[in-house]
Amino acid sequence: MSLFPSDSEPAAAPPTAPAGLLQHLNPEQYAAVTLPPRHVLVLAGAGSGKTRVLTTRIAWLIQTGQVGPGGVMAVTFTNKAAKEMLTRLSAMLPIPVRGMWIGTFHGLCNRFLRAHWKLAGLPQSFQILDSQDQLSAVKRVIKAMNLDEERFVPKQVTWFIAGCKEDGQRPKDVEVRDEHTRKLIEVYQAYEDQCQREGVVDFGELMLRTYELMRDNAALREHYNRRFRHILVDEFQDTNKLQYAWLKMFAGPESAVMAVGDDDQSIYAFRGAQVGNMADFEREFRVDQVIKLERNYRSFGNILDAANALISHNTRRLGKNLHTEAGPGEPVRVYESNSDFAEAQWLIEEAQQLHRDGVARSETAVLYRSNAQSRVLESALFNAGIPYRVYGGLRFFERAEIKHALAYLRLIENPNDDTSFLRVVNFPTRGIGARTIEQLQDAARASGRSLHQSVGAVAGKGGANLAAFVALVDAMREATQGLTLREIIEHVIEASGLADFYRTEKEGRERLENLDELVNAAEAFVTQEGFGKDAVALPVDEQAGAIAEGSPPAVAAVDLAPDAETGEIVSPLAAFLTHAALEAGDNQAQAGQDALQLMTVHAAKGLEFDVVFITGLEEGLFPHENSLSDADGLEEERRLMYVAITRARKRLYLSHSQTRMLHGQTRYNVKSRFFDELPESALKWITPRHQGFGSGFERDYRAAWQRGSGLGGIVGAGRQPDTPPAWAAPKATTSEGQALRAGQGVFHNKFGEGVILTIEGSGADARAQINFGRHGMKWLALSVAKLTPVES
DNA sequence: TAACGATCTCTTTTT
DNA sequence: GAGATCGTTA
């Protein structure tokens with residue numbers, strides 16, 4: 001790993017940046033943004049302007065001419081974060097950001113493998129398995145190997161395989177400890193063979209293939225090493241072993257890596273994330289400068305005090321304490337209820353009051369530890385007629401009907417995709433039963449071919465039905481040649497019989513609507529996103545392939561043309577299928593509506609809200625019982641709680657319940673130990689602290705419950721209403737300080753007149769979505785864009 | 001082979 | 001409580 005000796009650093013003053021770009025940065029942020037090209041670790045606390053630093057850094061590097069857009073790679077974990085970065089960058093830079101290598105680890109790997117599919121040993125139209133697909137693929141392997149599903153639980157086997165890949169291990173690399181692992185490794189090998197045969201890759205495979213190709217192909221590695229002068233990694237604390245090794249492959253001797261992370265927000269150790277990567281990075285990249293961003297711009301003092309006090313109970317920390325200049329703000333409110341049901345009722349009342357006081361519902365988040373907890377909340381919200389939106393849970397592209405439609409589409413692209421084949425071969429039912437399928441699978445296994453290729457081997461009625469199915473898919477492929485993506489999907493939904501099936505189903509209405517929504521999603525994908533974004537095939541594969549086969553390593557010949565302009569575009573359908581697999585898609589509830597935000601704490605990472613409710617703070621739930629066995633687990637739960645607390649800007653509620661329905665039965669819970677780790681001075685109990693059963697409150701509640709009349713005003717009766725919060729009115733300002741609000745007309749020098757649709761974020765991070773009519777819809781960073789309010 | 005009901009299990013987090 | 005799986009029946 002080569003480094004940058006200090007005598008080669010640019011002298012004193014950094015290259016001049018355009019006015020405005022570096023404004024409003026505090027000294028630490030400024031240092032991070034304008035650091036000379038060398039490896040650096042940025043310890044960025046919650047709400048310390050981490051994303052701002054990352055994006056401003058990229059913009060600064062480009063605008064000062066230190067690197068071209070093609071020389072930057074920025075990696076994130078979630079699609080949300082990647083999108084956010086692109087949005088902010090496009091507001092800061094006058095150049096198209098589309099061709100830049102900014103995306104999730106998996107998104108970038110996909111891009112890489114699409115470009116070098118041949119070298120990677122993949123079919124050009126390889127498909128991506130999501131976790132569901134992976135599970136069913138593993139099940140098939142286990143069945144095919146005649147293994148006992150009791151001993152080889154498909155889920156655990158899937159876990160095992162994913163874990164191996166995250167450690168960069170192929171079957172041959174895995175240490176055989178006992179008979180069971182030996183068998184597991186066999187399953188792993190068989191699974192790999194099956195995936196390869198079917199031309200599909202799972203999430204781990206995307207990473208591992210990319211890593212291996214970079215490792216084994218020197219020409220390719222040198223090319224990318226030279227290309228990426230600046231590599232920026234977001235949420236570095238969440239990287240696993242493989243991702244870190246991957247990063248080391250892409251970082252060449254001339255590259256500068258900026259790793260941004262927060263060890264206190266490491267909440268994915270359970271799936272392989274290694275916080276230790278931060279220390280390893282510091283050592284292996286010989287980082288001589290660690291920049292700490294400790295000033296918090298998000299939350300008031302009491303909230304921050306709570307977060308700091310809590311996290312101080314963890315032992316292994318890199319050390320960091322958040323501070324703010326915003327003043328103490330309101331105390332953290334704590335509520336104890338008698339049941340999860342009562343908790344939901346109380347929460348709704350409280351949220352309604354806030355809404356009446358002017359807090360947007362979308363600025364109120366309800367967080368919980370596990371998805372199962374959302375049910376009670378949802379039904380209470382539904383009954384109260386309050387709009388809400390649940391994040392997580394079943395996402396759009398994971399719904400059964402959507403997966404069915406996608407399976408047909410995938411078969412059009414790749415008939416050998418057995419996972420998809422099995423999913424829809426008898427859906428809607430067409431007389432192909434378990435027996436027939438078994439025969440088909442036997443035939444396929446015997447000949448080592450795909451199900452599609454083996455159809456002829458099955459005789460009798462089942463065989464005829466199978467032939468009809470294959471003919472149907474072939475006919476769909478024929479009929480959709482040359483159609484637009486929208487038309488293709490519409491055709492498939494009809495021709496497959498899915499539409500008819502759901503039309504006659506009694507509960508099929510919603511599913512039909514979702515299928516319509518799929519058509520819309522495809523349409524939106526083509527027009528707005530520009531489907532080439534993730535699926536541009538770079539025209540280098542042949543050349544690079546030639547090098548691999550021993551011709552002189554004319555590295556210059558591998559030079560990549562700027563992706564977006566000359567990239568050969570794969571079919572819209574293929575691109576859309578990739579999109580569907582890589583981005584599960586928010587479950588697109590009532591989009592655009594002002595709705596309460598419900599999500600798990602994990603899903604909330606990286607987000608912020610004016611008001612946050614953290615519910616279900618009970619032993620066994622939060623911290624979760626599965627994590628209590630070891631100290632590491634508990635520390636991770638604490639970090640999770642830390643993440644939850646630091647989501648709140650202005651008001652934070654913590655609630656726990658004495659009883660809770662779980663697994664269909666009532667459990668009696670003790671309040672979470674985390675309460676004992678919060679500073680009393682920052683808290684305010686809004687119910688008597690030691691209220692036990694048998695209190696008057698309890699009797700009222702029981703009575704109301706037994707009458708079936710609900711709780712109405714009973715819960716929470718008798719306590720002082722809170723005064724309306726002064727901060728409730730939505731505010732944002734132009735870079736000149738003029739007030740802005742949604743619905744407001746504005747003027748922009750380049751885009752002309754527009755109307756603000758939504759405002760997100762606040763302060764330096766505030767941004768607005770503005771409809772500029774014929775100039776289209778734009779997201780602009782308000783601290784950067786020059787906007788003038790106009791009278792409407 | 002399909003449809004229905006009974007039974008069983010598993011419930012942390014996700015690209 | 002819900003989903004997947006299993007078993008019975010037509």
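A quick note: this is a predicted structure, and the numbers were derived from the prediction, not measured. Note that these values count all heavy atoms, side chains included, but never hydrogens, waters or copies made by symmetry. So you know, we letter chains A, B, ... as the sequences are listed, proteins then strands, and number each from 1.
Atom CG in A:Leu135 sits roughly 14 Å away from atom C1' in C:dT5 (whole-Å rounding). Rounded to an integer number of Å, the gap from A:Lys80 NZ to B:dT15 P is 9 Å. The interatomic distance linking A:Leu208 (CG) with B:dT15 (C1') rounds to 15 Å, in whole Å. Distance A:Lys155 NZ to C:dT5 P: 10 Å, rounded to the nearest Å. Distance, A:Gln132 CD to B:dT15 P: 13 Å, rounded to whole Å. Straight-line distance from the CD atom of A:Gln373 to the P atom of C:dG1: 16 Å, rounded to whole Å. Taking atom NZ on A:Lys241 and atom C1' on B:dT15, their separation rounds to 20 Å, with Å as the unit. What separates CD of A:Glu625 from P of B:dT13 is a distance of 13 Å, to the nearest Å.
Judged by distance alone with a 3.5 Å cut-off, a donor-acceptor contact links the side chain of A:Arg271 to the base of B:dT14.
Using a 4.0 Å heavy-atom distance criterion, A:Phe77 is classed as a sugar-phosphate-only contact. A:His106 comes within 4.0 angstrom of a base, heavy atoms only.
A:Glu618 meets the side chain to side chain donor-acceptor pair (under 3.5 Å) test with A:Arg660, A:Asn669; sequence neighbours excluded. Residues forming a salt bridge (Lys or Arg N to Asp or Glu O under 4.0 Å) with A:Glu625 (at least two apart in sequence, or on another chain): A:Arg667. Qualifying salt bridge (Lys or Arg N to Asp or Glu O under 4.0 Å) partners for A:Glu637, counting only residues two or more places apart in sequence or in other chains: A:Arg369. A:Asp167 is linked by a salt bridge (Lys or Arg N to Asp or Glu O under 4.0 Å) to nothing, counting only residues two or more places apart in sequence or in another chain. In this view, A:Arg435 satisfies the side chain to side chain donor-acceptor pair (under 3.5 Å) rule with no residue, not counting sequence neighbours. Annotation: side chain to side chain contact (heavy atoms under 4.5 Å, CB included) contacts of A:Glu438 (sequence neighbours excluded): none.
Checking the phosphate oxygens (OP1, OP2) of B:dT13, no side-chain nitrogen or oxygen of A:Ser627 falls inside 4.0 Å. Phosphate proximity of B:dT15 to A:Lys605: absent, as no side-chain N or O sits under 4.0 Å from OP1 or OP2. Using a 4.0 Å cut-off, no side-chain N or O of A:Asn79 falls inside it from OP1 or OP2 of B:dT15.
Taking every side-chain heavy atom of A:Tyr268 into account, B:dT14 is the closest of C:dT5, B:dT14, B:dT15. When each of C:dA2, B:dT13, B:dT15 is scored by its nearest atom to the side-chain atoms of A:Thr104, the top-ranked nucleotide is B:dT15. Distance from the side chain of A:Ser131 is smallest for B:dT15 among the nucleotides B:dT13, C:dA4, B:dT15.
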Identify the pairs formed between an N or O of the protein and an N or O of nucleotides 7-10 of chain C at a distance under 3.5 Å, and give each distance.
none

Restricting to nitrogen or oxygen on both sides, can you table the protein-nucleotides 1-4 of chain B pairs closer than 3.5 Å?
unit_1: B:dT1; atom_1: OP1; unit_2: A:Gly433; atom_2: N; d: 3.3
unit_1: B:dT1; atom_1: OP1; unit_2: A:Thr436; atom_2: OG1; d: 2.6
unit_1: B:dA2; atom_1: OP1; unit_2: A:Gly431; atom_2: N; d: 3.1
unit_1: B:dA2; atom_1: OP2; unit_2: A:Asn426; atom_2: ND2; d: 3.3

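Considering every non-hydrogen atom in both A:Ala137 and A:Leu129, the closest pair reads CB-CD1, 4.4 Å. In terms of heavy-atom proximity, A:Val424 sits nearest to A:Tyr408 at O-OH, 3.4 Å.
Identified under the salt bridge (Lys or Arg N to Asp or Glu O under 4.0 Å) test for residues 232-246 of chain A, with sequence neighbours left out: A:Lys50-A:Asp234, A:Lys50-A:Glu235, A:Glu235-A:Lys605, A:Asp238-A:Lys605.
Ring centroid separation for the pair A:His624 and A:Phe270 does not come in under the 6.0 Å cut-off.
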